[in-house]
**Student:** 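Pasting a structure here, questions to come.
Only heavy atoms go into these numbers, but all of them, side chains included; no hydrogens, no water, no symmetry mates.
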Amino acid sequence: MSNYYIQGVNGPVVTVKGGKGLAMMDMVSVGPEGLIGEVVSVEGDLTTVQVYEDTTGLMPGMPVEPRNAPMSIELGPGLLNNIYDGICRPLRGIAEETGAFIGRGIHIPALDSEKKWAVTVTVKPGDRLEPGSVYAECDETPVIRHRCILPPDQRGTVVSAVPDGDYTVEDVLVTVQTDGGAALDLKLSQKWPIRTPRPVRARRSVTRPLVTGQRIIDALFPLGKGGCAAIPGPFGAGKTVTQHQLAKWSDADLIVYLGCGERGNEMTEVLDEFSELIDPHTSQPLMYRTVLLANTSNMPVAAREASIYTGMTIAEYYRDMGYHVAMMADSTSRWAEALREISGRLEEMPAEEGFPAYLPSRLAEFYERAGYMETLSGAEGSITVIGAVSPQGGDFSEPVTQNTKRFIRTFWALDRSLAYARHFPAINWNQSYSEYLTDLTPWYEEHLGSGFMVLRTRLQATMKEETSLNEIVKLIGSDILPEDQKLTMEIARVIRLGFLQQNSFHAIDTYVPMEKMLKMMEVIFRLYDGARDLIAKSVPLSQLKATGIFEKLIRIKYEIPNDDLSAFADYEKAVDEAIAQVAADNR
């Protein structure tokens, strides 16, 4: 009979009475159904446990069993092309066992224990293994090679190893004698506590961008590979769609997509869409390099709090293999609300807007696990975190947004007015920023030449000038503006509609290589400079507009294929001819 029993139940928070053997962050089984819980407070012989499942039906006196281990998840081949809940239980397996609704006390392993993998063992008896050493490999999907690595806290000498062949995640592949003299059996899988960051050899500087194919991001507000970005915006501004585009088109090796507290119908659309998408980089299903975690708003709130650590642990596991991982968290606001609810149940002192005082430190713990790393094996890997924030009413001054800005260096502020005007991505170019530009400038100059940074600076300055002029236009109208300011307004319109606005459903425009972005900026400012010379000679802007050249440049994004940029020469010629024609008419 258990030494521990329930004394009280308050939503997902359960008070346990008994001995003093339970430790902080230990897992426990609560009640006769064995619900998964985690110790969050210990005071004398009273222990507070947060339960990751529905606590309906729990009563005082029911037993609680310790598991004598921290909250951990199983890592190994089979995570990719799968869908999990917030504590890494496979939703497909749960659906097969309980139907459309998640049953209580369901314990299904994260990895299929019966599936066999074609394993190549890379070590032999007598080999020395250090933390991070690869001892076996297998093709997890047609596009990802899974490398089994020695846990960070182990080292030793190989005593025995099986021959290459088909094995399950439960089969022992290699036996190692550790430096402490103990025998360690290595399998395809291993466990890791979700709240403990996996160690690395060194943290590297961010020196290359995460190329996304989205013009406003890559050209104006780039995100470094291994960096952190936030996408705040009100409902309907396009946070989820933007993250879909980044998941599909970014040059990351793997995607970890976490739906944290989102509505069930939205999450269903994500799961359905990701299952059907074809990866443009490999022409294989996108799910072959994707892990989906779904924790909707009607799932237990405690599991939502744990879900971002689950996602980050999976991302770190693949990073340690030498992969570049992009993690999408949608949304961290819902996660913070889960923190607030649990904090209220624990009767902790609330801080601003009811959030717990430790909200900033929890956000820091999450974002600081991202980075460009040298792994323990000497390989390079990275985790790039893109967190969506859903401030109530679009108010960026609320605590989650403000505290998030302390730990990220790229801020893509979504604007409701742009979304309502059907301008997507609805990223406001006046409120957004990227602090990676200085770090990434050498990469841009090496791959695109020095002209790219010059042109993006001119583009951003033009859009800021348009914002200032719009204030004047609202008061006195555009007809009063001098010709040079009218030109600025017209070029800004071309930039807005022809460059910053991007159609995710158009075959050509959904993704744009950076070489094409450079060419687009070059031809836009070729027109700008030529038109400015005409205005200096007192030629009215209206004559140049009458040639239709401004509208022609807006259509470039749809008419020049990404794999053949030679057509830009025709547009440059058209710009020169339009300017020459207007100049000739005014001689």
**Student:** Does any N or O in the side chain of Y323 come within less than 3.5 Å of the main-chain N or O of R145, such that one atom is a donor and the other an acceptor?
**Tutor:**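 Yes, the answer is positive, given that a donor and an acceptor are paired below the 3.5 Å cut-off.
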
**Student:** To the nearest 0.5 Å, tell me how far C228 SG sits from Y436 OH.
**Tutor:**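 Rounded to the nearest 0.5 Å, the SG-OH separation comes to 5.5 Å.
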
**Student:** Taking the side chain as C-beta and beyond, is there a heavy-atom pair between V158 and Y135 under 4.5 Å?
**Tutor:**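 No, too far: nothing below the 4.5 Å cut-off.
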
**Student:** Check the side chains of Y4 and E65 for a donor-acceptor pair under 3.5 angstrom, ignoring hydrogens and angles.
**Tutor:**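 Side-chain D/A pair, E65 to Y4: absent.
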
**Student:** Just by distance, do the side chain of N403 and the backbone of P399 share a donor-acceptor pair under 3.5 Å?
**Tutor:**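 It does hold such a pair.
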
**Student:** When you measure from the side chain of R155 to the backbone N and O of E130, does any donor-acceptor pair fall under 3.5 Å?
**Tutor:**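 Checking the backbone N and O of E130 against the side chain of R155, no donor-acceptor pair under 3.5 Å is found.
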
**Student:** List the residues meeting salt bridge (charged side-chain N to carboxylate O under 4.0 Å, His left out) with E305, not counting sequence neighbours, and say none if there are none.
**Tutor:**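 R195, R362.
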
**Student:** Please find the pair of heavy atoms, one from L35 and one from T55, that lie closest to each other, and give the distance.
**Tutor:**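 Shortest heavy-atom separation between L35 and T55 comes out as CD1-CA, 4.5 Å.
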
**Student:** Quick one: does any side-chain atom of T384 pair with a main-chain N or O of G226 as donor and acceptor, under 3.5 Å?
**Tutor:**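 Yes, because the side chain of T384 sits within donor-acceptor range (under 3.5 Å) of the backbone of G226.
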
**Student:** To the nearest 0.5 Å, tell me how far L91 CG sits from N82 CG.
**Tutor:**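 Reported to 0.5 Å precision, the distance equals 8.5 Å.
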
**Student:** Can you check whether V200 reaches L376 side chain to side chain, under 4.5 Å on heavy atoms?
**Tutor:**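 Not touching, per the 4.5 Å side-chain cut-off.
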
**Student:** Would you compute the distance between atom CG of L346 and atom OG of S41 and round it to the nearest 0.5 angstrom?
**Tutor:**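 Answer rounded to 0.5 Å: 7.0 Å.
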
**Student:** Are the side chains of E348 and I342 in contact, using a 4.5 Å heavy-atom criterion?
**Tutor:**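 Sidechains of E348 and I342: no contact.
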
**Student:** Do I427 and D415 make a side-chain contact, defined as non-hydrogen atoms from C-beta onward lying under 4.5 Å apart?
**Tutor:**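 In short, these two side chains do not touch, never coming nearer than 4.5 Å.
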
**Student:** Does the pair M287 and L292 meet the rule for a side-chain contact (heavy atoms from CB on, under 4.5 Å), with working shown?
**Tutor:** CA-CA 9 Å; M287 285 296 295; L292 293 179; 3.8 Å; yes

**Student:** With a 3.5 Å distance limit and no angle check, can you tell me whether S343 reaches the backbone of R340 through a side-chain donor-acceptor pair?
**Tutor:**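 No; zero donor-acceptor contacts below 3.5 Å.
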
**Student:** Taking the six-membered ring of F411 as reference, does the cationic atom of K405 (NZ for Lys, CZ for Arg) lie under 6.0 Å from its centre and within 45° of its axis?
**Tutor:**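 Satisfied, under 6.0 Å and within 45°.
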
**Student:** For the CD atom on Q392, are there more than 12 heavy atoms of other groups (residues, nucleotides or ligands in this structure) within a distance under 6.0 Å?
**Tutor:**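 At most 12 heavy atoms, drawn from other residues, nucleotides or ligands, come within 6.0 Å of this atom.
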
**Student:** Between D139, L188, D166, T168, which is the residue that forms a side-chain contact (heavy atoms from CB on, under 4.5 Å) with V119?
**Tutor:**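 Testing each of D139, L188, D166, T168 against V119, the sole residue satisfying side-chain contact (heavy atoms from CB on, under 4.5 Å) is L188.
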
**Student:** Determine whether the side chains of E398 and T401 contain a donor N or O and an acceptor N or O closer than 3.5 Å.
**Tutor:**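 The criterion, which ignores hydrogens and geometry beyond distance, is satisfied for T401 and E398.
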
**Student:** Which atoms form the tightest heavy-atom contact between F396 and L414, and what is the distance?
**Tutor:**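 Smallest interatomic distance, heavy atoms only, reads CZ-O, 3.7 Å.
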
**Student:** Could you grab the distance from atom CZ of R304 to atom OG1 of T296, nearest 0.5 Å is fine?
**Tutor:**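 Reported value, rounded in 0.5 Å steps: 8.5 Å.
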
**Student:** Just by modelled atom types, is the I106 backbone N or O under 3.5 Å from a matching donor or acceptor in the R89 side chain?
**Tutor:**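 Indeed, once roles are kept as given, a pair shorter than 3.5 Å links the two residues.
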
**Student:** Regarding E53 and R104, does a basic nitrogen lie under 4.0 Å from an acidic carboxylate oxygen?
**Tutor:**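 Salt bridge flag = no for R104 with E53.
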
**Student:** Does NZ or CZ of R198 lie under 6.0 Å from the centre of the six-membered ring of W192, at an angle within 45° of the ring axis?
**Tutor:**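 Yes, R198 lies over the aromatic ring of W192.
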
**Student:** Check whether the side chains of Q7 and T15 place a donor and an acceptor atom closer than 3.5 Å, and report yes or no.
**Tutor:**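 No, because no side-chain N or O of Q7 sits under 3.5 Å from a partner of the opposite role on T15.
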
**Student:** Does a salt bridge link E380 with R204, judged by any charged N lying under 4.0 Å from a carboxylate O?
**Tutor:**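 Here E380 does not pair with R204 in a salt bridge, since their nearest N and O are not under 4.0 Å apart.
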
**Student:** I need the minimum non-hydrogen distance between G31 and L58, along with the two atoms involved.
**Tutor:**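 Result for this residue pair: CA-CD2, 4.1 Å.
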
**Student:** Any donor and acceptor pair, going by atom type alone, linking the side chain of T410 with main-chain N or O of S434 inside 3.5 Å?
**Tutor:**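 Flag not set: sc T410 to bb S434 has no pair under 3.5 Å.
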
**Student:** List, one per line, each side-chain donor-acceptor pair under 3.5 Å for residues 70-81, sequence neighbours excluded.
**Tutor:**
residue	atom	partner	partner atom	Å
S72	OG	P70	O	2.9
E74	OE2	S189	OG	3.4

**Student:** What pair of heavy atoms forms the shortest contact from I386 to Q243, and how long is it?
**Tutor:**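 Answer, listing the atom of I386 first, then Q243: O-NE2, 3.0 Å.
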
**Student:** Are any side-chain N or O atoms of T212 and backbone N or O atoms of S250, one a donor and one an acceptor, separated by less than 3.5 Å?
**Tutor:**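 The answer is no, because no donor-acceptor pair under 3.5 Å joins these two groups.
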
**Student:** Ignoring hydrogens and angles, tell me if any N or O in the side chain of K225 forms a donor-acceptor pair with the backbone of V325 under 3.5 Å.
**Tutor:**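 Answer holds: no.
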
**Student:** How about D320 and Y318: does a side-chain donor come under 3.5 Å of a side-chain acceptor?
**Tutor:**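 Looking only at side-chain atoms, Y318 and D320 do not form any donor-acceptor pair under 3.5 Å.
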
**Student:** Just checking, is any N or O donor in the side chain of H146 or Y317 under 3.5 Å from an acceptor N or O on the other one?
**Tutor:**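 Yes, side-chain donor-acceptor contact under 3.5 Å.
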
**Student:** Report all side-chain donor-acceptor pairs from residues 110-117 shorter than 3.5 Å, counting only partners two or more places apart or in another chain.
**Tutor:**
residue	atom	partner	partner atom	Å
D112	OD1	E114	N	2.9
D112	OD1	K115	N	3.4

**Student:** Could you walk me through whether Q154 and L184 pass the side-chain contact (heavy atoms from CB on, under 4.5 Å) check?
**Tutor:** CA-CA 9 Å; Q154 300 290 345; L184 175 66; 3.8 Å; yes

**Student:** For atom OH of Y358, decide whether the heavy atoms of other residues, nucleotides or ligands shown that lie under 6.0 angstrom number more than 12.
**Tutor:**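 Yes - once you tally the heavy atoms of other residues, nucleotides and ligands closer than 6.0 Å, there are more than 12.
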
**Student:** How far apart are the closest heavy atoms of S331 and S390, and which atoms are they?
**Tutor:**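 For S331 versus S390, the nearest heavy atoms are OG-OG, 3.3 Å.
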
**Student:** Rounded to the nearest 0.5 Å, what separation is found between the CZ atom of R203 and the OH atom of Y372?
**Tutor:**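 Rounded to the nearest 0.5 Å, the CZ-OH separation comes out at 13.5 Å.
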
**Student:** Applying side chain to side chain donor-acceptor pair (under 3.5 Å) to R201 and T375, what does each step give before you reach the verdict?
**Tutor:** CA-CA 5 Å; R201 181 177 296 177; T375 67; over 6 Å; no

**Student:** Okay, side chain of T310, backbone of A306: is any donor-acceptor separation there less than 3.5 Å?
**Tutor:**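 Checking the backbone N and O of A306 against the side chain of T310, a donor-acceptor pair under 3.5 Å is found.
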
**Student:** Consider only side-chain N and O atoms of Q50 and Y52, and report whether a donor and an acceptor are under 3.5 Å apart.
**Tutor:**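 Checked: Q50/Y52 side chains pair up, N/O donor to acceptor below 3.5 Å.
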
**Student:** Would you call K187-D171 a salt bridge at under 4.0 Å N-O?
**Tutor:**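 Looking at D171 together with K187, the answer is no, because their closest N to O distance does not fall below 4.0 Å.
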
**Student:** Taking all non-hydrogen atoms of both residues, which atom of T141 and which atom of Y288 are closest, and how far apart?
**Tutor:**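 So the minimum-distance heavy-atom pair works out to OG1-O, 2.8 Å.
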
**Student:** Looking at R289 and D253, is there a salt bridge between them, counting it only when a charged N and a carboxylate O are closer than 4.0 Å?
**Tutor:**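 No, no charged N to carboxylate O under 4.0 Å.
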
